[in-house]
Structures are given as structure tokens and as C-alpha cells.
Amino acid sequence: MEEERKEKFLTDSGIEIKRTYPKQDIPEEQPGQFPFTRGVQETMYRSKLWTMRQYAGFSTAEESNKRYHYLLKNGTTGLSVAFDLPTQIGYDSDHVMSDGEVGKAGVAIDSLKDIEILFEGINLESITTSMTINSTASILLAMYIALAKKQGADLKKISGTIQNDLLKEYAARGTYIYPPKQSMRIITDIFEYCSKEVPKWNTISISGYHIREAGSTAVQELAFTLSNGKAYLKAAIEKGLDINLFAKRLSFFFNAHNNLFEEVAKFRSARRMWAKITKELGASDPRAQMLRFHTQTGGSTLTAQQPHNNITRVTIQALSAVLGGTQSLHTNGFDEAIALPTEEAARIALRTQQIIAFESGAADTVDPLAGSYFVEALTNEVEEQAWEYIHKIDAMGGSVSAIEQGYIQQEIAASAYKYQSEIEKREKIIVGQNKFETEEKPLQNVFTIDDSVRLQQIEKIKKVKTERDNEKVAALLSKLEADARGNTNLMPTILSACESYATLGEIADVMRKVFGEYKS
């Protein structure tokens, strides 16, 4: 027998890959049926392709609006909004903490006026919108609803998703404002409000994406994400909400990395595990047991060296999401390890999805890799290891307690360290970075944002404050403070404040005053 390249072959989570997989019993599971291993729909992409999104937002609302129209013209079927860091952590563009960050990592949003500009010429009833926003999710959702009302839209028909997942912020990402208990209150207020007022809106996108970007393995991404989801279910049940109603509007957001088969196994086991979790907590409606998810290709896998190699990486990652049964997908631009994506990079990323959809055949049958002895065995192993983590977290008192004890953060940090060490020792090969290097010229046509954006936003804030009814705004902010000190659902007052052109920072500051700020 020929000598093999390695003593052991492992997935990124450390699961050993055998040379071959013997014939084994495969569960007689059908797509669209509990526990949904093979997908949440009987026909999957044979009836309807996944929503093709491109995560976009930069500079001002005016500039981002141009990019949205460009993407819609090129065939994107859903919008996905990136917000700058000040917007994410509740500061207006004129705040001292915003200096140097306005419009850099996403679009700057200071008031309803910016949202009106951001979606100018776009009918909110005819498009789904995903907003990657967490600490200020209640405010951005309220602004979106306010705009829908101004457009005359039927709020029962508008659809989309807010990320609204604070637990992963404490564990992995860091754009939190308020302490966990107060954040959970806001989250469940959103659940309650949307179930009555905007029933087609997905009120949370429980995110493994940022857990993986922080350095977790695929197994950890799955385990920590589902554990956080379990915490949200329990919090909503404790608030008196019906799991058979609110669980239908929960969605998930996963990462896709380069190990194609492990990623497919992760997506398949995620559905099966979530079905079991929801059923154990009382869900009897199959739609409340279904795990629906958005996928984004792995930003941390992209290299600044030989950036065109990233097109191949993104293709493999996108294919894993499709083979794994994703409901929507964002593909990264090849230049994102260097800067914000150019229009060309965004177009290539979108075309990658379209080629998979219309040319590869991957969308023509349901769960194409089902029955593969390797994939079925790997699905079981990923699930088994993920349950071990979840049981350990449950024994600590759940995700909130595990985060407060630093357990999840420590596990992610250890995995990130191990991964980087393997790259530096060349035990893990990254093509173009630690092997097959070449001399190359810097990438041309790099997209950058200058600091003049902040000055433009400051002028807009001044104009808004001059033109609005400031007495009405002050009264609504006072009411919000009183509501926050009591038990009233905060969403109606936040919506009224947004409609009166209170700024995002003003609203966030009222809740800062009442709830305080979380310190890691």
C-alpha cells in the first residue's frame, strides 16, 4: 500500500477522517419532516432557490442606496445591511466615540432620515431585508417599521430579519451596550411586539457566524449557537410567550468555511439538534421546530495574499451552504481581506451564487449528499460532539451563566490559538499564505472611505434637530425612560421616538441611563 500523505486526516474540528466508510444503516428520514436533517422543505430548491443576498453598507445612506440599486439590478433577491460601528454600539456620528469610525465598517445611521435615504426607491413590501444589528436592533427595526408606515406598506406583509443576538456579542464579538439581563429583556420585548405587529419578521438571527470568526471550530460554532438559542427560547417562555408562535420567527446565521464535508455535516446536524431542543421545550407545531438559516462565507478565511484565490474559497464555501440546505446566502468579495468590496468584487460574489444555482446541478435534488456513508457518519459525529458542549453549558446554568464565567470565551480563544499555531508551523496549509507564495503587486482599485463622511453626517444631524418638534422628542424620551424603569414593552415608545426623528444615540442613551453599560 502506498504511504499516505499524513499519519491522520482531521476535519477543522479535529474529527478523524477514515480512509473509507463502511456500509451502515441510514435513517429513513424525509425532507420537510421531523427532525429535518434533510431540510425544512419537501422540495427545497426545486421549488424556490435560496435568497441571494449581498451584505452591503458603507459611507452615507446615499452611497449605500446606490450600491443596493446596483445589486438589485444584477439579480440579488434580498438586501443585507451592514452598519458602521457607532451605529452598532449606539452612538450618533457627532459623538466623540464615533471619531474615525463613521461609515467605515458599514453605513452610518443617525435617525429615520438616514433610513428614508437608505431605502429610497425600494418598496419594503416587495423585498426582504436582513439587518446585522444587535445592541441597537430595537431602534433600527423601529426606524424600518416607521419607513414602511410612511410608504403605506401593510406591516403584516413586510419581511426580513434583525440579528438581535446579544449573547454571542458577549462571547465573541463585543458590540454590546447593556448588561445581559437588560439585553434579554429588550430581545423578548421585540419577540412580543413583532408577533402581533409584524408577524412575518424574523425577530432574531441566532448567530454562529461571529463565534466562528472569533476562532471557534465548526463543532463549537454549532454548540454555542444552539445553546444561545436555547437560552432565548427559555427567556421568551418565562415571559409568557407561546413557543409554537414565536419560535416560527427565529432564524439562525451560520458561517461556511473551507472543509466542505464538515460544513455540510454541521448544517444537517444543526437542523436535527434544534428540532430536538424545541420539542423538549414544548414545541408541537413542526414549523416551530424547524431551523431556518442564513449563511455567509467565511471572512476570516480570506487572505490578503493572492486575493483572487479567495474566489475559489468562496465558491467552495457557498457550495457547502447550498448542499447543506441554507435558506439564504451571502458570498464575500475576493478583496475583503484588504478593504470593503468594490462593485466588481460584489458582482463576482453574486455571480458565484448564480452559477451554483443555475449551472452546477446542486440545486436540482434535495439534500444531494444524503446517504453518503462519509457525510452521514460525519453528521452524527459533529452532532455528538456538539451535544457534549451543550450538556456542559447546561450544567453551568445555561449560556448566560457560561458566558459570565468566561467558559465559552476561553474555549473559542483556545481554538483560535491552536488554529493559528498550526498555520505558523505549516501543519495547516493556506495556499498563497504559507505555501505556494509568489511575489505580487498590491491589489489595484481598492475601495476606501475617508473621514469626510463624519462631517456630512454631523450636518444631517444638525438639520434633523432643527426641523423636528424637539418638545415632542423630549417628552417621548422621558416616556421611554419611565417605560424602561418599569415592565412596559419598550418597542411602541421606541417606534414613536423614531417617527419623531429622535436620534439613535438619544434613544440608546436613555436606556444606558436606566440599564447601565456592560463591562467585560
Counting distance only, does the side-chain N/O of Gln444 pair as donor-acceptor with the main-chain N or O of Pro442 below 3.5 Å?
yes
Short side-chain to backbone donor-acceptor contact, Gln385 and Glu383, under 3.5 Å:
no
Yes or no on side chain to side chain contact (heavy atoms under 4.5 Å, CB included) for Val102 and Gln456, after CA distance, side-chain angles and deciding distance?
CA-CA 10 Å; Val102 176; Gln456 294 176 52; over 6 Å; no
Test Phe58 against Glu63 for side chain to side chain contact (heavy atoms under 4.5 Å, CB included), laying out the working first.
CA-CA 7 Å; Phe58 55 88; Glu63 291 302 312; 3.8 Å; yes
Backbone N/O of Gly299 and side chain of Glu336: donor-acceptor pair under 3.5 Å
no
Quick one, Ile393 and Ile408 - any side-chain contact, counting heavy atoms below 4.5 Å?
yes
Going by the ring pair (Phe, Tyr, Trp, His ring centres under 6.0 Å) test, name the single residue among Tyr21, Phe374, Phe9 that passes it with Phe261.
Phe374
Would you call Val81 and Phe119 a side-chain contact if the rule is heavy atoms closer than 4.5 Å?
yes
Starting from the C-alpha separation in whole Å, work towards a yes-or-no answer on side chain to side chain contact (heavy atoms under 4.5 Å, CB included) for Tyr144 and Ile162.
CA-CA 11 Å; Tyr144 193 87; Ile162 43 171; over 6 Å; no
Are Arg53 and Ser130 close enough, and set up right, to give a side chain to side chain contact (heavy atoms under 4.5 Å, CB included), and what steps lead you there?
CA-CA 9 Å; Arg53 299 189 187 278; Ser130 173; 4.0 Å; yes
What is the distance from atom CZ of Arg454 to atom OG of Ser59, rounded to the nearest 0.5 Å?
14.5 Å
Looking only at atom types and distance, does a side-chain atom of Ser13 sit under 3.5 Å from a main-chain N or O of Val219, one as donor and one as acceptor?
yes
Check whether Thr87 reaches the backbone of Ile109 with its side chain - one donor and one acceptor, N or O, closer than 3.5 Å.
yes
Are the aromatic ring centres of Trp274 and Phe293 under 6.0 angstrom apart?
no
Would a 4.5 Å heavy-atom cut-off, applied to side chains only, mark Gln353 and Val314 as touching?
no
For the CZ atom on Arg351, are there more than 12 heavy atoms of other groups (residues, nucleotides or ligands in this structure) within a distance under 6.0 Å?
yes
Test side-chain hydrogen bond (donor to acceptor under 3.5 Å, both in side chains), reference Tyr209, set Arg173, Lys168, Gln296, Glu221, output is Gln296
Determine whether the side chains of Ser93 and Asp110 contain a donor N or O and an acceptor N or O closer than 3.5 Å.
yes
Expected output: side-chain Asn434 to main-chain Arg426 donor-acceptor under 3.5 Å:
no
What residue pairs, at least two apart or across chains, pass salt bridge (charged side-chain N to carboxylate O under 4.0 Å, His left out) with a residue in residues 302-312?
none
Check against side-chain hydrogen bond (donor to acceptor under 3.5 Å, both in side chains), Gln289 and Thr278
CA-CA 6 Å; Gln289 299 166 340; Thr278 51; 5.3 Å; no
Pair Tyr232, Asp165: side-chain N/O donor-acceptor within cut-off below 3.5 Å:
yes
Taking atom NZ of Lys276 as the centre, does the number of heavy atoms from other residues, nucleotides or ligands within less than 6.0 Å exceed 12?
yes
Between Gln163 and Asn134, is there a donor-acceptor pair closer than 3.5 Å when you use the side chain of the first and the backbone of the second?
no
Reported CD1-to-NZ distance for the pair Ile390 and Lys230, which is rounded to 0.5 angstrom
7.0 Å
Name the one of Gln220, Arg212, Gln420 that satisfies side chain to side chain contact (heavy atoms under 4.5 Å, CB included) with Ser415?
Gln220
Can you tell me if Gln151 uses its side chain to pair, donor with acceptor, with the backbone of Ile122 under 3.5 Å?
yes
Taking 4.0 angstrom as the limit, do Glu29 and Arg271 come out as a salt bridge?
no
Cut-off 3.5 Å, side chains only: do Ser399 and Ser227 have a donor facing an acceptor?
yes
Tell me, with the steps shown, if Glu262 and Lys266 meet salt bridge (charged side-chain N to carboxylate O under 4.0 Å, His left out).
CA-CA 6 Å; Glu262 183 174 47; Lys266 178 188 74 181; over 6 Å; no
Once the angle between the rings of Phe36 and Phe34 is folded into 0 to 90°, is it parallel (under 30°), tilted (30 to 60°) or perpendicular (over 60°)?
perpendicular
For the pair Arg268 and Glu376, find out whether any cationic side-chain nitrogen is under 4.0 Å from an anionic carboxylate oxygen.
yes
Note, Asn310 side chain near Arg313 side chain (heavy atom, < 4.5 Å):
yes
Glu62/Lys460 salt bridge by N-O under 4.0 Å criterion:
yes
Keeping Gln88 on the side-chain end and Ser135 on the backbone end, is there a donor-acceptor pair under 3.5 Å?
no
Ion pair present between Glu101 and Lys104, side-chain N to carboxylate O less than 4.0 angstrom?
no
Matching residue for Gln54 among Thr77, Thr76, Thr331 - test: side-chain hydrogen bond (donor to acceptor under 3.5 Å, both in side chains):
Thr331
Would you list the pairs meeting salt bridge (charged side-chain N to carboxylate O under 4.0 Å, His left out) in which at least one residue belongs to residues 75-88, sequence neighbours left out?
none
When you measure from the side chain of Asn228 to the backbone N and O of Ile206, does any donor-acceptor pair fall under 3.5 Å?
no
Check the surroundings of atom CD in Glu42: do more than 12 heavy atoms from other residues, nucleotides or ligands lie under 6.0 Å from it?
no
Return yes if a side-chain donor-acceptor contact under 3.5 Å exists between Thr175 and Glu169, otherwise no.
yes
Using the salt bridge (charged side-chain N to carboxylate O under 4.0 Å, His left out) rule, collect all pairs that involve residues 439-448, keeping only residues at least two apart or in two chains.
none
Specify the closest pair of heavy atoms between Ala321 and Phe267, including all atoms of both residues, with the distance to one decimal.
CA-CE1, 3.6 Å
Does some side-chain heavy atom of Leu250 sit less than 4.5 Å from a side-chain heavy atom of Phe191?
yes
